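Bear in mind that the values here come from a model prediction, so they are computed numbers and not experimental data.
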Amino acid sequence: MARRLRPEELGFVRDAPVRLVFARNVAAAPDRVFAALAGDVAGWSEWFGAVTLARPLRDGAGREVRLRGGTRFEETVLVAEEPERYAYRVDVTNAPGAHALVEEWRLAPVGSGTRVCWTFAADGTAPFRLALRLARPGLARAFKDAVTTLDRRLAG
């Protein structure tokens with residue numbers, strides 16, 4: 001059953017009860033990585049293994065995302081500052097126990113490539129928060145695999 005989450009803003013990325021932060025360097029330039037994140041939402045399913053469907057909503061002001069296992073999100077884009085920051089919050093999800101979710105992607109030049117930093121900020125029931133903390137290694141692996149695949153895709 002889908003339910004509406006608390007509508008947090010960007011400050012939640014800093015203040016959330018659960019903050020999972022992952023970073024990795026890629027060879028692609030920041031503008032190319034940003035274009036893949038913010039401009040090619042439908043392409044997420046081609047490089048982020050957990051994503052089975054992603055599509056823009058409301059002329060790009062929102063997104064619909066579906067994950068393997070059946071989790072669904074309806075999101076609002078909070079910021080799209082090319083080429084350095086892309087962030088969105090989850091407005092509606094079927095994930096049990098979630099109260100608020102915001103994700104932020106920060107991009108910084110590193111030589112001719114990019115430092116990609118993904119922050120997953122969340123609040124929810126105690127079991128939900130514990131599950132996220134326990135899921136950290138899996139999310140780290142998913143992030144690493146996704147960003148590596150994206151970098152290869154951008155190089156091709």
Side-chain angles (χ1 to χ4, degrees), residues 1-3 5 12-13 16 18-57 60-80 82-110 112-124 127-156:
M1 171 189 271
R3 68 188 170 292
L5 301 187
F12 188 70
V13 170
V18 177
R19 292 179 70 252
L20 305 176
V21 181
F22 309 98
R24 186 164 179 82
N25 291 352
V26 297
D31 61 329
R32 299 202 61 220
V33 177
F34 183 87
L37 290 172
D40 184 18
V41 172
W44 280 56
S45 62
E46 296 174 25
W47 57 268
F48 206 121
V51 175
T52 61
L53 173 111
R55 67 183 180 105
L57 301 174
R63 304 168 5 135
E64 175 187 4
V65 176
R66 294 183 186 191
L67 303 179
R68 293 191 195 297
T71 303
R72 297 184 316 271
F73 303 108
E74 289 178 26
E75 303 167 338
T76 294
V77 174
L78 298 173
V79 65
E82 187 174 357
E84 54 198 40
R85 184 162 67 154
Y86 183 59
Y88 43 88
R89 76 163 169 251
V90 175
D91 296 317
V92 177
T93 187
N94 64 342
H99 293 163
L101 296 168
V102 175
E103 296 179 43
E104 178 185 56
W105 295 78
R106 287 225 178 230
L107 310 174
V110 174
S112 61
T114 305
R115 177 87 169 157
V116 179
C117 182
W118 175 46
T119 302
F120 186 92
D123 190 14
F128 176 80
R129 293 190 314 265
L130 176 62
L132 279 180
R133 288 183 181 105
L134 294 173
R136 176 184 261 292
L139 287 169
R141 188 172 40 260
F143 169 77
K144 177 185 171 206
D145 292 348
V147 172
T148 299
T149 302
L150 175 61
D151 197 34
R152 276 193 296 247
R153 183 172 189 233
L154 294 176

At what distance, to the nearest 0.5 angstrom, does OG1 of Thr93 lie from CD of Glu75?
9.0 Å
Contact list for residues 18-44, test salt bridge (Lys or Arg N to Asp or Glu O under 4.0 Å), sequence neighbours left out
Asp40-Arg153
Report the distance from atom CZ of Arg129 to atom NE2 of His99, rounding to the nearest 0.5 Å.
8.5 Å
Which is it for Arg152 and Trp47 under the side chain to side chain contact (heavy atoms under 4.5 Å, CB included) test, yes or no, and what are the steps along the way?
CA-CA 9 Å; Arg152 276 193 296 247; Trp47 57 268; over 6 Å; no
Which heavy atom of Ala28 sits nearest to which heavy atom of Val33, and what is that distance?
CB-CG2, 3.9 Å
Distance-minimising heavy-atom pair for Leu132 and Ala122:
CD1-CB, 3.4 Å
Please give me the minimum heavy-atom distance between Ala98 and Leu5, naming the atom from each residue.
O-CD2, 3.2 Å
Gap between atom OG1 of Thr119 and atom CG of Leu20 - 0.5 Å precision:
9.0 Å
Would Val51 and Leu67 satisfy side chain to side chain contact (heavy atoms under 4.5 Å, CB included), going step by step from the backbone distance to the final call?
CA-CA 5 Å; Val51 175; Leu67 303 179; 3.9 Å; yes
Measuring from Asp145:CG to Phe48:CZ, what's the distance to the nearest 0.5 Å?
9.0 Å
Gap between atom CZ of Phe73 and atom OH of Tyr88 - 0.5 Å precision
9.0 Å
Could you tell me which non-hydrogen atom of Ser45 sits nearest to which non-hydrogen atom of Leu53, and how far apart they are?
CB-N, 4.3 Å
Might you point out which heavy atoms bring Ala108 and Pro30 nearest each other, and give the distance in Å?
C-CG, 4.3 Å
Quickly, which of Asp151, Val110, Leu107 forms a side-chain contact (heavy atoms from CB on, under 4.5 Å) with Val26? Name it, please.
Asp151
Between Arg89 and Phe12, is NZ or CZ placed under 6.0 angstrom from the six-membered ring centre and within 45° of the ring axis?
no
Strictly under 6.0 Å, is that where the ring centroids of Trp105 and Tyr86 end up?
no
Is there a side-chain contact between Glu103 and Leu101, using heavy atoms and a 4.5 Å cut-off?
no
Just do the side chain to side chain contact (heavy atoms under 4.5 Å, CB included) check on Thr71 and Asn94 with the steps written out, would you?
CA-CA 6 Å; Thr71 303; Asn94 64 342; 3.7 Å; yes
What one should report as the nearest heavy-atom pair of Val41 and Ala54 is O-CB, 3.2 Å
Which distance, rounded to the nearest 0.5 Å, do you find between the CZ of Arg141 and the CZ of Phe22?
11.0 Å
From CA spacing to verdict: side chain to side chain contact (heavy atoms under 4.5 Å, CB included), Val18, Phe128:
CA-CA 10 Å; Val18 177; Phe128 176 80; over 6 Å; no
Leu37 backbone acceptor or donor facing Trp44 side chain under 3.5 Å:
yes
So, are Arg72 and Glu74 salt-bridged, with charged N and O less than 4.0 Å apart?
no
